[in-house]
Amino acid sequence: METLFGDLEDIKAGESALFADVILPVPIPKMFTYKIPRNLKEEIGIGFRVIVQFGKKKILTGIIGKVHQKPPSAYEAKPILDVLESHASVNPIQIRFWAWMAEYYCCHIGEVMNAALPSGLKLSSESKIQLNPTFDADTSPYPLDDREALLLQALSNKEEMSYEDCEVVLGIKSIHGIIKSLVIKEAILVFEEVKEKYSPKVESRIRFRTDLAKDKEALEAVFNEVSNKPKQEEILLKYLQEVPVYRNPELNQNGLEKKVLSDAGLSLSSLKTLIKNGILEEFKIIVSRFEDEQGHNEDIVLSPEQEQAQNTIKEAFEEKNTVLLHGITGSGKTELYIKLIQEALEGGSQVLLLLPEIALTTHIVGRLRQVFGSKMGVYHSKYSDNERVEVWNGVLSGKFSFVVGVRSSIFLPFDSLGLVIVDEEHEVSYKQFDPAPRFQARDAAIMLAWLHQAKTLLGSATPSFESFYNARLKKYGYVTLEKRFGDAQLPEFQLADILVDKKKNLLKLDFTRLMREKIQEALKNQEQVLIFQNRRGYAPYISCEECAWIPECEHCDVSLTYHQFGEEMRCHYCGFREKVPQSCRACGSSKLSAVGLGTERIEESLSLLFPEARIARMDLDTTRSKYGYQRLLEDFGSGNVDILVGTQMITKGLDFDKVTVVGIMDADRILYFPDFRAGERAFQQLTQVAGRAGRREKKGTVIIQTRRPEQQIFQQVMSGDYKNFYIQEMGERQRFFYPPFVKMLKITTRHKDFKTAEKAARYLHNLMAEIQVKKILLGPEKGLIGKIKNQFIFESIVKLDKSGNAQAQFKHELQLLIEELQVQKDFRAVRFIVDVDPY
DNA sequence: AGCACGCCGACT
DNA sequence: GTCGGCGTGCTC
């Protein structure tokens, strides 16, 4: 009726109805067409946040992707329920960016939206119940049981109750059955309440009643009045001390934070009395979650090398949109960035600086804050929802013209980006693995910059091969910065042969003699040591000495890692935990031993070898909490720790003068990785770890423990010979058709049944083979880890010709094939995952 | 992805 | 008899 009436109105008004294609945060490959109600017509446009009903129950936040006049033919469009703001939350550039991302990374635009909007901007709808007004217990034909009666009783003196309230009232968890029953008995109604998740931070403040403050005589009177009430007097005096109203009555308007009074230990009940008596009043204001800091836009003085690099970058930007800055560790890239950012901001553009997750907690942010103060927004993964929304809104309102952030900050609502900087551009953490969109933030940032007609600067001491390749092809500009800032010296490298030491019985608790000696020396000189091992836990597995049985995860095809802390076995893939077995489950022997090296075990070994040293460990397990990482860094920085053991976390952002020795426990573990990028990554990791040794005055030492010291890569890392290493590795990549010579796609097939997973993977593989595009197909093979979370995994690799539109065509046809397969009933529950440019 | 609807086993 | 398992279909 409503819609019919609406249509008639429209016809009368001589205009056709308006429809909107809405982006919804659901993994369905299309937008949904909703009708724009007449009363909202004026208030809606592309990028607006709206509320719609989706399916029978769900209420979702959507973003208007398109407005048009074409009514859907196959169904009656539902109306848009409401518009959330009077402005667009998402600008047209962002919508184009989302669409590009969905297409390039083979996912749905809804999935992009999901990743892009901080969850505080997505609505939550909560189910609530209320009394059915027509219900009368006395005349109801349905008898109520005790719990139902209790619930109705509780509801009778309230407007509404949430499911959680019900749980509290009844004292049980499973309330769904009871609610359902009451609905059937027509005693209650269930409805959805839509709530905005974001809530601004509200601060309580205190001030004199407004007219009082202006009237000195009245104030005198008040003080006389309270002179025999010391607690009240104390409060008023404190207030005057903080807010000198006598001298300047205007100040009263802004009052004083209530917290100041309570922190000063003043009586809150006396405060209440003062408020009740109309002397003081309490009011609330909305405040920012971020402290206001004044940056002093200082004049950055660059070294001659930095200045030259800056000029070269600017020249390169004249012709190229993207420039690669190849600057060795410690060459002072940060200062250069600051200079470039300042200039871009002065030109009225916005700036985005991307940092790898882990680098964000370190001093670089502090340094930037000094310069840019509160016009800089920080977007970190450990931020709460509310904080994220505030950064988002800050960009929207223009409060933040410059943002430092992790990979997801490419989604912030910039409207006039002038410069994007991707620091440590080779970092693996720029790639999102799971869930979709599986994007590479560095690549996406370049696209984003292009959409804004902005420039991108990629910075790294060990550039990714992709970027270096593009630089050599002259697609990117290329600038080097080779001198260490402040004449810090490059570290000295020494290889320690694990096997030789083992033979000579010099290997103690996995430490070679050389490594032990160097650590000892550093300790003696009160210097600090970093020990790197890219594996957390105590030991990667335990094994029965009698029959070689190894405890494995029940849900995944991996061995369980032994964690000494908590005495448990953990799966690093699904989080499964169990107690350490006391005896072998296969043969009953109690001889179980830990095999392999994790950070926990190294920490233990160190405490045995160097009992007097203060040792700390930095890995995922010790830095889970919001400030865990920062605390460890501060501890280490202030010299409270002599030896820090850690995973690759320690390769980032640590920048302490007192580190003179860096030890790499097992370089072979980095080298032998079944992946075409293993060499590239090993070079990067070794170089990055080594870069932590010796800054400023003293030359550092890097000790690399290995079983094969003759390998060439060590010489190349030691001499910093990136280019030679690159040329050699690239030869291999070209011969065997690996990126960046081809475009690579990984197609993962997952299902809980091994046979079905295999069958589906084969099926898709054969279909892909028929796509008429120049390509190489590999697989399908059982995944490196055959089962994760009870899902069996098969993988196919596709290598596509980079020229022409081969990749676009292939991706397009692949999407169609997958859709086709998903409809078949054997493959309904199979998940096909396309990963473009996989890592 | 969620969620409802619908059809078969093990239970008060 | 019913509760609830998850196979299947649908979402503007």
Side-chain angles (χ1 to χ4, degrees), chain A residues 2-3 6-7 17-37 40 44 46 48-83 102 105-117 119 122-127 145 147 163 172-181 183-184 190-192 194 434-438 748 750-753 755-757 759-760 789-791 815 818-834:
Chain A
E2 173 62 32
T3 50
D7 285 341
L18 274 184
F19 296 90
D21 290 347
V22 179
I23 306 169
L24 295 175
V26 288
I28 303 168
K30 54 182 169 185
M31 296 203 234
F32 291 85
T33 306
Y34 285 84
K35 194 171 139 57
I36 302 175
L40 295 179
I44 277 186
I46 289 175
F48 278 61
R49 276 201 312 151
V50 294
I51 303 176
V52 295
Q53 180 156 64
F54 185 69
K56 286 206 164 112
K57 273 194 79 169
K58 267 181 297 198
I59 289 179
L60 296 176
T61 310
I63 300 285
I64 307 277
K66 198 175 157 189
V67 177
H68 58 84
Q69 299 182 337
K70 210 173 98 221
S73 51
Y75 52 86
E76 175 85 357
K78 283 185 187 171
I80 285 171
L81 299 177
D82 211 345
V83 187
Y105 289 105
C106 296
C107 66
H108 314 308
I109 197 161
E111 292 172 315
V112 180
M113 170 186 170
N114 227 355
L117 283 190
S119 53
K122 286 171 255 172
L123 293 167
S124 65
S125 78
E126 187 184 23
S127 296
D145 72 21
R147 281 173 172 168
Y163 277 30
I172 53 168
K173 270 268 158 219
S174 50
I175 51 160
H176 272 85
I178 296 161
I179 288 176
K180 203 167 173 182
S181 160
V183 171
I184 292 166
V190 175
F191 67 100
E192 292 291 307
V194 180
D434 210 39
R438 298 177 172 75
T748 306
R750 279 190 352 207
H751 192 263
K752 63 177 162 54
D753 177 61
K755 281 256 171 296
T756 312
K759 196 174 146 200
K789 294 180 191 167
N790 287 321
Q791 299 259 313
Q815 298 271 49
I818 290 175
E819 271 172 50
E820 221 171 273
L821 276 182
Q822 297 265 255
V823 182
Q824 291 183 28
K825 74 173 170 60
D826 294 2
F827 301 145
R828 295 206 104 260
V830 176
R831 292 267 292 130
F832 297 103
I833 296 154
V834 183

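Throughout, a chain's letter reflects where its sequence line sits, starting with A, and its residues are numbered from 1.
- Rounded to whole Å, the distance from CD1 on A:I833 to C1' on B:dA1 is 13 Å.
- Using a 4.0 Å cut-off, some side-chain N or O of A:K78 falls inside it from OP1 or OP2 of C:dC12.
- Tested against A:K78, the residues A:F32, A:Y34, A:F54 include a single side chain to side chain contact (heavy atoms under 4.5 Å, CB included) partner, A:Y34.
- Distance, A:R750 CZ to B:dA1 P: 8 Å, rounded to whole Å.
- Separating the CG atom in A:L24 from the CD1 atom in A:I63 is a distance of 9.5 Å, to the nearest 0.5 Å.
- Within the 4.0 Å cut-off from OP1 or OP2 of C:dG9, at least one side-chain nitrogen or oxygen of A:R828 is found.
- Base engagement by A:I28 is indicated by at least one non-hydrogen atom pair under 4.0 Å involving a base atom.
- Panel note: side chain A:H68, backbone A:K70; a donor-acceptor pair is recorded below 3.5 Å.
- Looking at heavy-atom distances under 4.0 Å, A:Y34 makes contact with sugar-phosphate atoms alone, never a base.
- As rounded to whole Å, 18 Å separates atom P of C:dG7 from atom CD of A:Q824.
- Nucleotide C:dG9 holds its C1' atom 14 Å from the CD atom of A:Q822, rounded to whole Å.
- A residue-by-residue look at A:K56 and A:R831 shows that A:R831 has its nearest nucleotide of DNA chain B further toward the 5' end.
- If you measure from atom CZ of A:F832 to atom P of B:dA1, you get 13 Å, rounded to the nearest angstrom.
- Checking each of A:I64, A:V67, A:T33 against A:D21 for a side chain to side chain contact (heavy atoms under 4.5 Å, CB included) leaves exactly one that passes, namely A:T33.
- Here the P atom of nucleotide B:dA1 and the CD atom of A:E819 are 14 Å apart, to the nearest Å.
- The distance between atom NZ of A:K122 and atom C1' of B:dA1, rounded to the nearest whole Å, is 13 Å.
- Summarising the geometry, the separation between CZ on A:F32 and C1' on B:dG2 is reported as 12 Å, rounded to the nearest angstrom.
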